[in-house]
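One structure is given here, and the rest of the page talks about it.
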Amino acid sequence: MAASSETMLKKPHVGKKRKPPTRYWEGTEEEGKNDGKKQKEGDNNEQTPQQNNTRTKKGGKRGGKRGGAGKKVISGKSDPFPGSAPVPEEKLNKFKRGVKGELPPRPQYKLRDVVIRSEAASDLAQKQNARYDLMLPEDAGFLEGDEDEDTCTISQDDIVDAVDITAGAKYFSLTLSQFGPYRLDYSKTGRHLLLGGRRGHVTCLDWQSKQLMCEMNVMETVNDVKWLHSEALFAVAQKKWLYIYDNKGIELHCIRKFNDVLRMQFLPYHFLLATASATGFLQYLDVSVGKEVVAICTKAGRLDVMAHNPHNAIIHLGHSNGTVTLWTPNQREPLVKMLCHQGGVRSVAVDKTGTYMVTSGMDKKLKVYDIRAYRPLQSYFLPAGASCLSLSQRGLLSAATGDIVQVYRDVWGIPVTKPYMAHRAKGSVWGVHFCPFEDVLGVGHGEGFTSMVVPGAGEPNFDGLDANPYRSAKQRQEWEVKALLEKIQPELIGLDPSQLSQVDHSTWEQRHVDRVQVLGFDPLAKEKFTPRLKTKGRSSSGKVEKRKKQVAHEDQRDVIRQTVEDRMKIDKERKEKEKKKAAAAGQKSALDRFRK
Amino acid sequence: QHPVGEVTRKHMAVRNILPCYIFGGRIKVLSRNPDDYVRETKLDIQRVPRNYDPSLHPFEVPREYTRALNATKLERVFAKPFLASLDGHRDGVNCMAKHPKSLSTMLSGSCDGEVVWNLTKRECVRTLQAHEGFVRGMVVRFCGTSFFTVGDDKTIKQWKMETPSYGEEEEPLNTILGKSVFTSIDHHQKEGVFVTCGQQVDIWDEQRSSPIRSFSWGVDSFSCVRFNPVETELLASCASDRSIVLYDMREATPLKKVIMNMRSNTLCWNPMEAYNFTCSNEDYNLYTYDMRYLDKPFTVHMDHVSAVLDVDYSPTGKEFVSASFDKTIRIFPKDSGHSREVYHTKRMQHVISIKWSSDNKYILSASDEMNIRLWKANAAEKLGLLAPREKAAVNYSQKLKEKFQHHPQIRRISRHRHLPKSIYGQSKELRVMKEARRRKERNVRKHSKPGSMPVVTEKEKHVVTVVN
């Protein structure tokens, strides 16, 4: 078709009779040509034939709507890319939620219709999300060496020389030798940095603009520091109590219910501050209302190793006997107890998707677990052992061994032999933390703080409605209100956060058993038959037994009768069949008469 | 190497895309240009880059659940269905009529005369003394230029919709004197034909003063007659011998009738699925029938605790509203056995007549105590124009509520209604009675010969017989 129109264009069309438009009854030959051409184009575009097939199928479906315009447009040219553009499979899989169940049977047509519609809607959403994902503006960072060069030998100074000035400015050190060593925390948007020196120095700053928000000395030991939901508030675990400050450094609360806190974790969607104390208590503070949710005595001694699973808000505690325990505020006992190391556990980290847990122990091992199946994946031996672990948004692992910070890539894949990057801090490392949405690793050590550039650590594209590093004050306020409105109740914390949307398949019997257990008696139990007292000798023990017998197994009688009848019927059928078989198969021989 | 000192923003943007080379290796570090993420001037709207990656949005389901819970709570908070009370009648309001062309016009007939209302201003536009005694029924002609009334004085009157000009007498266009009292009237959808009922069902031509056809089937009185809105020649009527009779206007005799246990007061055809109709019954229930299979209703709607007096369908045909002697109004989905909503006020007495407005937004109820009340059909709905974002938010929360409707906490909140003490007590009593009857029946069946006590479903219970 296209070829013919081109030839027409070359010819002078003045005074010539125009070729009449092709009709469908003449089009068989032409269509054959068309298909061939399309195939060729498909080859040019490196499309697999299968893809092409599905696309043409789709085009066929839409053909009715477009009035057959899928193939030919008015100009006479054929559309080289009919139908909608295909979406890559791996992008589609990224947005896949759950598995499609079977459709309900046809008689339940209303339910069936609802299911079909909702599945179509979710398919559309999945496809649109996948398409949108292709257009995200930023790409992740990376660092690649030569064939013979290890990336871990590249120093921070070399990286800073190579990259642009704003990215280079992210490598800096703060010399704070007086009150160290330092623990640190980045806010959820990654804009703000909170530093807490062991000897009481607490400071928070906008680390990108290096603008100091507050600086103070609490004149007490500082065990841990943590930002709360926004950059306006932070919690400091001091020698005795837990304190809440605002970003001007004004002490807002001193929470005396939380004593001797060593480590803290903040669950941003639940507005819960989980604290682990030296007395072995795991406590949850609801920061939106300021109430203690629950205090759990773990009976495991001093708790100085803590991490939280960002996927399901479960707290991981590491213990000196080498176990890691998993906790929710809803249960007094740990959900899971895993023996991870021979010696004590030194540090725990959980990745963003809640799939992997990395632990390091006194036995100088670094282990990777799949925490969905509680299965060890990898075990590495680090000569010095790792004191602090941190996982980045894109799955880089930083491990501090003495004064050296090593960054590993893909620790849960094929076993790695060499670190991705390494950096020597000035003092022994006390805390490491990856900055969200930036290629930055913050290292708190004895001599202050170092921010190092780790290409490929941060998620390149943030979601503006969730955590926006560039948000204005107004946007922050809006977000705060929205986030508070959809605060998840602590009761909903569990191992599987999507359980709430699943159909409760537990059978009626199971539920009944639970109910019986809760109530302590069976509410649906049949009352035992007690024969009425009758006079004139009718309540003699024999008569009573007889009356009891009359009603005994009343509910089962029908079933028993039915089964007996069924069995008899089957027996009868079998016999008849045998008889027939014998009659059909046995040509009566003369010797049959001797057969018994 | 690059001249680091002279890097401008533009350069940075370029470098952001192109990875830099060091030692033959390659490197790229995240470096965002703030200009891409912050609005240029204060007059712009804020930029909100999105990333729908599920791993950036953890706790999807619990958050949605929380939203659904909040939406359900807010729905109950904002459920203020009562809009206005139109008072001015000096006797109980007996009947109402919708205007087919004008949403803001409504007619009401009381026990002593009748009134035309303007709903947007909530004021009475015109009053006329139509009949002596009760106005029993009224209907607006399909063109909206005139309306018919029937009354206790055995007359049918046709009136102009327009207000008579100054000095002009308030005179009916037409008056027909009948032989007996008329109880209800309905007009054909397209032609100048109307139907009345009383002692019998009469079909009238507007041009004539005697009925063109009369139907009777051995009963002495009818309470309600309605034209089918789609098959316009079909009629249905409720008779006092507990039957519902179907007619075809083109035939000389009625089609068929179903006799029930108790008398039906009124009926209403479903405007969308016009082979279905719902009748309000004296036995506290409403019954939805398929016209083709009258031997049992396909839904029994329970919840009222007294006789149901009137019923009207929403124009979408998805729901209907019923008025009851128990001083409440209930809204039922057309295929649900129980109501989704109940409206009541302290002062509203027995509700006699009910109408669902043609824009599917309002409900009008006329009650004994001389008032007409205007309600929202959807109690928590915000009235007036909605901004597109508002609309999207409403739709979103609607979907969420639907998704999580079976969760116990959400269901409890969304089902909760405050009821007057008397109705609450009565409904509890009814429930106990029903349960007792069911228990007794079960026991009787248990102790009688198998098969001698067939199971009669709730639907079959209320139908006596179908006569063709």
Side-chain angles (χ1 to χ4, degrees), chain A residues 94-95 97 129 132-133 136-146 149 151 154 158-159 161-168 170 269 310-313 352-354 437-439 453 455 458-466 468-470 472 474-475 485-489 492 497-501, chain B residues 1-2 4-9 11-17 19-39 42 46-67 69-70 335 399 402-404 406-407 446 450:
Chain A
K94 187 176 166 188
F95 294 98
R97 288 176 172 89
N129 277 337
Y132 185 82
D133 207 49
L136 288 177
E138 304 275 350
D139 294 322
F142 55 84
L143 175 63
E144 287 169 5
D146 277 344
E149 190 189 23
T151 49
I154 300 172
D158 294 335
I159 291 173
D161 280 344
V163 299
D164 60 81
I165 189 167
T166 37
K170 285 168 191 167
Y269 295 100
H311 175 66
N312 55 14
K352 187 178 67 165
T353 60
F437 308 112
E438 290 289 349
D439 284 344
V453 177
E459 171 65 43
N461 296 294
F462 56 86
D463 189 276
L465 292 186
D466 195 51
N468 187 352
Y470 296 97
S472 63
K474 197 83 192 160
Q475 277 176 308
L485 272 177
E486 56 194 53
K487 181 185 93 169
I488 307 169
Q489 291 305 314
L492 298 181
S498 67
Q499 208 177 17
L500 207 56
S501 72
Chain B
Q1 286 296 316
H2 299 281
V4 171
E6 294 170 24
V7 171
T8 61
R9 260 207 182 135
H11 279 112
M12 273 155 52
V14 171
R15 282 191 189 178
N16 199 15
I17 298 160
C20 313
Y21 290 84
I22 49 165
F23 330 114
R26 302 195 310 145
I27 182 171
K28 179 181 176 283
V29 177
L30 273 182
S31 165
R32 298 190 186 88
N33 186 352
D35 285 353
D36 297 340
Y37 295 96
V38 181
R39 60 178 175 181
K42 278 196 166 175
Q46 298 279 7
R47 282 187 186 164
V48 184
R50 298 303 308 272
N51 186 356
Y52 299 102
D53 186 354
S55 68
L56 283 183
H57 299 275
F59 306 107
E60 207 169 37
V61 178
R63 283 162 81 192
E64 273 189 352
Y65 173 78
T66 313
R67 279 179 206 158
L69 187 64
N70 286 343
D335 44 11
K399 191 72 199 170
E402 197 185 309
K403 182 176 174 185
F404 291 98
H406 298 298
H407 285 257
K446 200 167 153 194

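Numbered from 1 within each chain, the chains take letters A, B, ... in sequence-line order.
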Non-hydrogen side-chain atoms of B:N51 and A:E459 separated by less than 4.5 Å: yes

What one should report as the nearest heavy-atom pair of A:P497 and B:P62 is O-CD, 3.3 Å

Those residues that, when tested against A:K94, pass salt bridge (Lys or Arg N to Asp or Glu O under 4.0 Å) (two or more places apart): A:D133, B:D53

Where the side chain of B:N70 meets the backbone of A:L485, is there a donor-acceptor pair that is under 3.5 Å apart? yes

With rounding to the nearest 0.5 angstrom, report the OH to OG1 distance, A:Y269 to B:T66. 12.5 Å

So which part of A:Y132 gets closer than 4.5 Å to some heavy atom of chain B, the side chain, the backbone, both or neither? side chain

A:S472 portion near chain B, given a 4.5 angstrom heavy-atom threshold: side chain

Scanning both residues in full, the closest heavy-atom pair of B:S31 with A:D164 reads OG-OD1, 3.3 Å

Which atoms of A:K170 come close to chain B, meaning under 4.5 Å heavy atom to heavy atom: side chain ones, backbone ones, both, or neither? side chain

Return the CD to CD1 distance between B:E64 and A:I488, rounded to the nearest 0.5 Å. 11.0 Å

Which answer fits A:E438, side chain, backbone, both or neither, if we ask what part of it has an atom under 4.5 Å from a heavy atom of chain B? both

Would you compute the distance between atom CD1 of A:I154 and atom CD1 of B:I27 and round it to the nearest 0.5 angstrom? 7.0 Å

Could you tell me which non-hydrogen atom of B:R32 sits nearest to which non-hydrogen atom of A:Y470, and how far apart they are? CB-OH, 3.3 Å

Looking only at A:P137, A:P469, A:G354, A:A313, most heavy-atom pairs under 4.5 Å shared with chain B are made by A:A313

Nearest atoms (heavy-atom pairs only) where B:V29 meets A:V163: CG2-CG1, 3.7 Å

Okay, A:L136 and chain B: the region with an atom under 4.5 Å from a heavy atom over there is side chain

Proximal component of A:P460, with respect to chain B [non-hydrogen, under 4.5 Å]: both

Proximity breakdown for A:A140 and chain B, heavy-atom pairs closer than 4.5 Å: backbone

Could you grab the distance from atom CG of A:L143 to atom NZ of B:K28, nearest 0.5 Å is fine? 12.5 Å

Given heavy-atom pairs under 4.5 angstrom as the criterion, report whether the side chain, backbone, both or neither of A:F462 touches chain B. both

If I take atom CZ from residue A:R97 and atom CD from residue B:E60, how far apart are they, to the nearest 0.5 angstrom? 4.0 Å

Please classify the contact between A:Q499 and chain B as side chain, backbone, both or neither, with a heavy-atom cut-off of under 4.5 Å. neither

Could you pull out all residues at least two apart from B:K446 that satisfy side chain to side chain contact (heavy atoms under 4.5 Å, CB included)? A:E554

Polar contact flag, side-chain donor to acceptor under 3.5 angstrom, A:T353-B:S55: no

With chain B as the partner, which of A:V453, A:N312, A:N468 has the greatest number of non-hydrogen pairs under 4.5 Å? A:N312

Need one label for A:N129: side chain, backbone, both or neither, based on atoms under 4.5 Å from any heavy atom in chain B. side chain

